[in-house]
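Just below is one structure, and these are the notes that go with it.
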Amino acid sequence: MAMSKIKKNDTVRVITGVDKGKEGKVIDVKDGKVKVEGINKATLHVKPNQANTKGGIVEEERYFDISNVMLVVGGKTTRVGFREENGSKVRYAKATGTLID
């Protein structure tokens with residue numbers, strides 16, 4: 001799969017859906033889907049096991065499509081571009097032109 005424009009630990013804002021306008025930190029990116037801290041939570045009923053000896057009702061973030069979020073740089077949402085600097089490919093914010101990493 002192609003290189004993703006959104007990476008783990010990026011701050012993103014949800015642009016569509018129930019959680020529209022909320023911001024959070026990316027926990028995981030996988031197969032064009034993203035998991036964001038505190039967004040798109042689901043309630044799970046968990047049986048007791050070694051990791052969770054009591055079991056019970058647990059809230060957990062779920063994956064949703066990466067096209068539903070935009071990167072936040074300096075408090076402003078922006079598209080992400082790639083350019084070559086010093087022989088390496090880097091991401092930059094198209095709105096401001098600043099390097100992301």
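Numbers here are sequence positions counted from 1.
Rounding to the nearest 0.5 Å gives a distance of 5.5 Å between CD1 of I66 and CD1 of I6. To the nearest 0.5 Å, atoms OG1 (T78) and CD1 (I100) are separated by 6.5 Å. Atom CG of residue N40 and atom NZ of residue K33 lie 10.0 Å apart, to the nearest 0.5 angstrom. For the atom pair CE of M70 and CG of N68, the computed distance is 12.0 Å after rounding to the nearest 0.5 Å. Taking OG of S4 as the reference point, atom NZ of K30 lies at 14.0 Å (rounded to 0.5 Å).
Using a cut-off of 4.0 Å between Lys/Arg side-chain N and Asp/Glu carboxylate O, E23 and R13 are scored as salt-bridged. Between E61 and K35 no salt bridge is recorded (no basic side-chain N to carboxylate O distance below 4.0 Å). Using a cutoff of 4.0 Å between basic side-chain nitrogens and carboxylate oxygens, D19 and K22 are scored as salt-bridged.
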**OP:** Start with the C-alpha distance between E37 and K25, add both sets of side-chain angles, then the distance that settles salt bridge (charged side-chain N to carboxylate O under 4.0 Å, His left out), and finish with yes or no.
**Re:** CA-CA 5 Å; E37 190 175 90; K25 189 175 175 183; 5.8 Å; no
Original post:
Which is it for D65 and S67 under the side-chain hydrogen bond (donor to acceptor under 3.5 Å, both in side chains) test, yes or no, and what are the steps along the way?
Top reply: CA-CA 5 Å; D65 201 73; S67 66; 2.5 Å; yes
**OP:** Would you sort out whether F82 and K5 count as a side chain to side chain contact (heavy atoms under 4.5 Å, CB included), showing the intermediate values?
**Re:** CA-CA 9 Å; F82 292 99; K5 294 182 177 188; 3.7 Å; yes
Subject >> Stepwise side chain to side chain contact (heavy atoms under 4.5 Å, CB included) test for V14 and V36 >> reply: CA-CA 9 Å; V14 179; V36 181; 5.7 Å; no
Original post:
Run the side chain to side chain contact (heavy atoms under 4.5 Å, CB included) check on K7 and V26 step by step: do they pass?
Top reply: CA-CA 7 Å; K7 293 183 177 181; V26 175; over 6 Å; no
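V72 and V69 sit in two unconnected hydrophobic clusters of ILVMFWY residues. Membership requires side-chain heavy atoms under 4.5 Å apart, directly or through other members. V73 and Y92 sit in two unconnected hydrophobic clusters of ILVMFWY residues. Membership requires side-chain heavy atoms under 4.5 Å apart, directly or through other members. Cluster annotation: V29 is connected to L71 through the hydrophobic network of ILVMFWY side chains, with a link wherever side-chain heavy atoms come within less than 4.5 Å.
The environment of K41 atom NZ is dense: over 12 non-hydrogen atoms of other residues, nucleotides or ligands sit within 6.0 angstrom.
In plain terms, the two heavy atoms of P48 and K54 that are nearest each other are CG-O, 3.7 Å.
With a 4.5 Å cut-off on side-chain heavy atoms, L99 and E85 count as touching.
Scanning for side chain to side chain donor-acceptor pair (under 3.5 Å) contacts around E60 gives R62, with sequence neighbours left out.
No side-chain N or O of Y63 forms a donor-acceptor pair with one of D31 less than 3.5 Å apart.
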